[in-house]
Every structure is written in C-alpha cells, then in structure tokens.
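Starting from 1, each residue takes its place in the sequence as its number.
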Amino acid sequence: MSGDWRGHPDLPARGTPLCRLEEIPDGGGRVFTFGEGQKPLRILLLRSGTRVNGWHNCCPHFGLPLALKDEWLIVAPHESFKCNVHYARFRWADGVCDDGECLGEQLDAIPFEVIDGEVRLGPFSPAEG
C-alpha cells in the first residue's frame, strides 16, 4: 500500500544533500518532505552511529505517513520505532513490522550515503528495491 517512491514526481536527484549527519540525533531520526499538496514524497531517516537508514515514510497498513514531524515514537533507539497513526512497531535495521496490523510487512527502503559528513540520496535505479 506504500506506493512506489521511485516514480514520485518530487523525488530529488541522486546525490542531493539532505542534511549533515550530526543533524540527525544518534539513535533518532528526521522526517523530510519533498513537494506540496496531498501526496508529497515523505522520507524518514534513522541514524545509528555513522549509518543512516532511509525509508519511504508510508505505513504499509493504511498508506499514511508514519510521522509528519521529527516527533515520532522511538521505542528503542537503534532497534525499533512505531507508526504514530496505528502504533505498529518496525525494526530499525530492516523496516520490517514486528508488532501491529501490518505484521511481517516491510517499509520501502530508500538508499542514502554519508559523504564527508553529509547525508545524500544514494544511488538507485527504477529496477532497484
């Protein structure tokens, strides 16, 4: 139900910088929105040390954003977080729901790179998952 972020008209170009690594709290995350209107592209970034995981900010249960602001539910830093709408719990490392209405479903990963302390949209192609 999450939709294909790769075809979103507001998807930034590969290599687009989003923020500095230190702007994402270690064990926390940031929400980014690209575009306007009812269906902007929403991205969720989670940081664990120097690693950043990126997810399409769209709950597989109902298709709504997991969070609209940086104020969302970290259950256990570096381990799990919850959807602010239905409270489904997702694993930090792989985005799989391990508790809630969408048990076993996975968030769509969006690749990111950290280059010289800057978090950038990573390489992807339309065929990549």
Side-chain angles (χ1 to χ4, degrees):
M1 187 145 201
S2 61
D4 187 8
W5 58 267
R6 289 167 210 83
H8 198 286
D10 297 312
L11 177 67
R14 177 183 183 253
T16 298
L18 285 127
C19 65
R20 303 282 309 160
L21 181 63
E22 63 267 12
E23 293 177 69
I24 304 172
D26 193 12
R30 294 268 317 265
V31 173
F32 293 88
T33 302
F34 299 94
E36 305 264 335
Q38 292 187 343
K39 296 193 178 188
L41 176 62
R42 292 183 171 98
I43 295 174
L44 173 64
L45 296 181
L46 300 174
R47 176 181 169 203
S48 189
T50 59
R51 179 176 171 78
V52 175
N53 291 337
W55 307 106
H56 185 199
N57 185 1
C58 186
C59 184
H61 171 228
F62 206 60
L64 295 173
L66 298 165
L68 293 174
K69 299 179 182 178
D70 292 339
E71 301 163 4
W72 42 291
L73 302 173
I74 301 291
V75 176
H78 311 283
E79 293 179 26
S80 63
F81 58 98
K82 284 190 175 186
C83 172
N84 279 348
V85 178
H86 292 107
Y87 305 106
R89 186 179 65 207
F90 296 88
R91 294 190 307 228
W92 195 282
D94 60 11
V96 171
C97 178
D98 63 4
D99 184 44
E101 297 290 329
C102 52
L103 186 64
E105 293 188 54
Q106 185 174 19
L107 299 174
D108 290 335
I110 297 179
F112 287 88
E113 302 174 303
V114 179
I115 300 173
D116 297 326
E118 191 170 65
V119 180
R120 300 178 185 191
L121 189 60
F124 61 90
S125 70
E128 283 180 4

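Minimum interatomic distance between His78 and Ser48 (heavy atoms only, all atoms of both residues): ND1-OG, 2.6 Å. Heavy atoms only, all atoms of each residue included: Ala67 and Asn84 are closest at CB-ND2, 3.8 Å. Smallest separation of non-hydrogen atoms from Arg42 and Gln38: NH1-O, 4.5 Å. The two residues Cys102 and Pro60 come nearest to each other via the heavy atoms SG-CG, 4.0 Å. Considering all non-hydrogen atoms of both residues, Gly117 and Glu22 come closest at O-OE1, 4.4 Å.
By the 6.0 Å contact criterion, CD on Glu36 is open, its count of non-hydrogen atoms from other residues, nucleotides or ligands being 12 or less.
At distances below 3.5 Å, not a single donor-acceptor pair connects side-chain atoms of Asn53 with backbone N or O atoms of Arg47. Although no hydrogens or angles enter the test, the distance criterion places a donor-acceptor pair under 3.5 Å between the side chain of His8 and the main chain of Leu41. Of the possible donor and acceptor atoms, none in the side chain of Asp99 sits under 3.5 Å from a partner among the backbone N and O of Ala88. No side-chain donor-acceptor contact under 3.5 Å links Glu105 to the backbone of Cys97. A distance-only check finds a donor-acceptor pair linking the side chain of Asp94 to the backbone of Val96 [under 3.5 Å].
Contact check for Trp55 versus Ile110: no side-chain heavy atoms found under the 4.5 Å cut-off. In this structure the side chain of Leu107 never reaches within 4.5 angstrom of the side chain of His56, judged on heavy atoms. At least one side-chain heavy atom of Cys19 sits less than 4.5 Å from a side-chain heavy atom of Phe32. Side chains of Leu45 and Val119 form a contact here, defined as non-hydrogen atoms less than 4.5 Å apart. Annotation: side chain of Glu23 is in contact with side chain of Arg30 (closest heavy-atom distance under 4.5 Å). Between Arg89 and Glu79, every side-chain heavy-atom pair lies at or beyond the 4.5 Å cut-off.
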May I have the step-by-step check of side-chain contact (heavy atoms from CB on, under 4.5 Å) for Val52 and Leu46, ending in yes or no? CA-CA 6 Å; Val52 175; Leu46 300 174; over 6 Å; no

Would you please test Phe90 and Cys59 for side-chain contact (heavy atoms from CB on, under 4.5 Å) and show each step? CA-CA 10 Å; Phe90 296 88; Cys59 184; 4.2 Å; yes

Given Leu121 and Phe34, is the side-chain contact (heavy atoms from CB on, under 4.5 Å) satisfied, shown in steps? CA-CA 13 Å; Leu121 189 60; Phe34 299 94; over 6 Å; no

Test side-chain contact (heavy atoms from CB on, under 4.5 Å) on Leu44 and Leu66; report intermediate values, then the result. CA-CA 9 Å; Leu44 173 64; Leu66 298 165; 3.9 Å; yes

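With rounding to the nearest 0.5 angstrom, the CG atom of Leu64 is 7.5 Å from the SG atom of Cys83. To the nearest 0.5 Å, atoms CD (Glu113) and CZ (Arg120) are separated by 8.0 Å. Atom CG of Leu21 is separated from atom CZ of Phe112 by 13.0 Å, given to the nearest 0.5 angstrom. Of the inter-residue distances, the one linking Asp10 atom CG with Ile43 atom CD1 reads 10.0 Å to the nearest 0.5 angstrom.
The existence of a salt bridge linking Asp98 and Arg91 is excluded, since no basic side-chain nitrogen approaches an acidic carboxylate oxygen closer than 4.0 Å.
Between Phe81 and Trp92, the two ring planes are perpendicular [angle over 60°; tilted spans 30° to 60°].
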